[in-house]
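Note sheet for the following structure.
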Amino acid sequence: MRKANLNYGFHFTGGEPFLNSDLLLRATEIVNELNIPSTFVETNCYWCINERLTREKLQLLKEKGLKGILISVNPFYLEYVPFERTERGIKISQEIFGKNLMIYQLEYYFLFKRLGIKERISVKDYLNLVKDDLRERVEMFLMGRAAYNLKELYPKYPANHFFDQPCQPPFLRNWHNHFDNYGNYLPGYCGGISLGDCRNLNELLKDGLDLERKPVLKFLINEDFKGLFHFAKDFGYQELREGYVSKCHLCIDIRKYLLERGEFDELKPKEFYSHLE
Ligand code: SF4
């Protein structure tokens, strides 16, 4: 992390950072030792099974230097996390982190409270209970597994519909990028794409990206989606007949296919691609 030159803030996200609380604690210590400001963790509160445990973990993190917490709430989390745990996590986080607690999305928190929900509810049962248009209300990036698993909810378009659309937010940017637990430096939210090893970030900055050896990255950086599509077709890729729900859906479907056909150093970690559908 020292080599990453992080000066503007750092958040631990997932997956779910509390799956390995000891590691989260150690990472918080390191970030604090490096004087990186604005550290916070994102969680779905699955682990908030009782008051004592919840308070202990959060208090310890605060003592190690964590500045805040973001708690995720929407019907997709409600399907797996009993809402009473979410409420407990929010209540105790408020006591410990004060105004540095963010509930995302707040309107779902109030809605679930109003409905008196305590347990888990499947998305199907939730939709029977509330006539909710998840496409409108849940802020969602249709990328990664969401592109495949939620595709029935959205209209679909042929590949060429997306060729000239820019990536939103931009693919390369100097804010909100991620490092995964394998050391890959990910552009933005684009799982499965690596700009390089974050532990060698200074070298990456010094030498730049060798795009001739990273053709997929080259197409993406140049925003040449048509080029990427035809590159994949030359490898045998076939456009999905049913279409794509988003540009990211097209992007990931192409990348998944390419990875099955060849070695692409920029498509990492490989594990990401084996859990998409
Ligand atoms: S289209 Fe691809 S590169 Fe662009 S934002 Fe989506 S996943 Fe990232």
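One-based numbering, in listed order, for ligands and for the atoms of each. What you see is a predicted model; the values in this text were computed from it and never measured.
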Check each heavy atom of Glu223 against ligand 1 and say whether those closer than 4.0 Å belong to the side chain, the backbone, both or neither.
neither

Tell me the contacting part of Phe225 for ligand 1: side chain, backbone, both, or neither, using a 4.0 Å heavy-atom threshold, strictly below.
side chain

Verify the cluster assignment for Leu78 and Tyr104: are they in a single hydrophobic cluster under the rule of side-chain heavy atoms below 4.5 Å apart?
no

[X] side chain to [Y] side chain, donor-acceptor N/O pair below 3.5 angstrom:
X	Y	result
Tyr273	Arg255	yes
Tyr126	Asp132	yes
Glu16	Thr43	yes

Pair Phe12 + Phe10: ring centers closer than 6.0 Å
yes

Protein contact of atom 3 (S) of ligand 1 - nearest heavy atom, named by residue and atom, plus distance
Phe171 CD1, 3.3 Å

Students should be able to answer this: which protein heavy-atom is nearest to atom 2 (Fe) of ligand 1, and at what distance?
Cys251 SG, 2.5 Å

Backbone or side-chain N/O/S of Cys167 under 2.8 Å of atom 6 (Fe) of ligand 1
no

Suppose I only count heavy atoms of Cys190 and a 4.0 Å limit; which atoms of ligand 1 are within that range?
3 (S), 5 (S), 7 (S), 8 (Fe)

Just jot down the ligand 1 atoms closer than 4.0 angstrom to any heavy atom of Arg255, in number order.
7 (S)

Atom 8 (Fe) of ligand 1 reached by Cys248 (N, O or S, under 2.8 Å):
no

According to the interplanar angle, ranging from 0 to 90°, do the rings of Phe162 and Tyr244 count as parallel (below 30°), tilted (30 to 60°) or perpendicular (above 60°)?
perpendicular

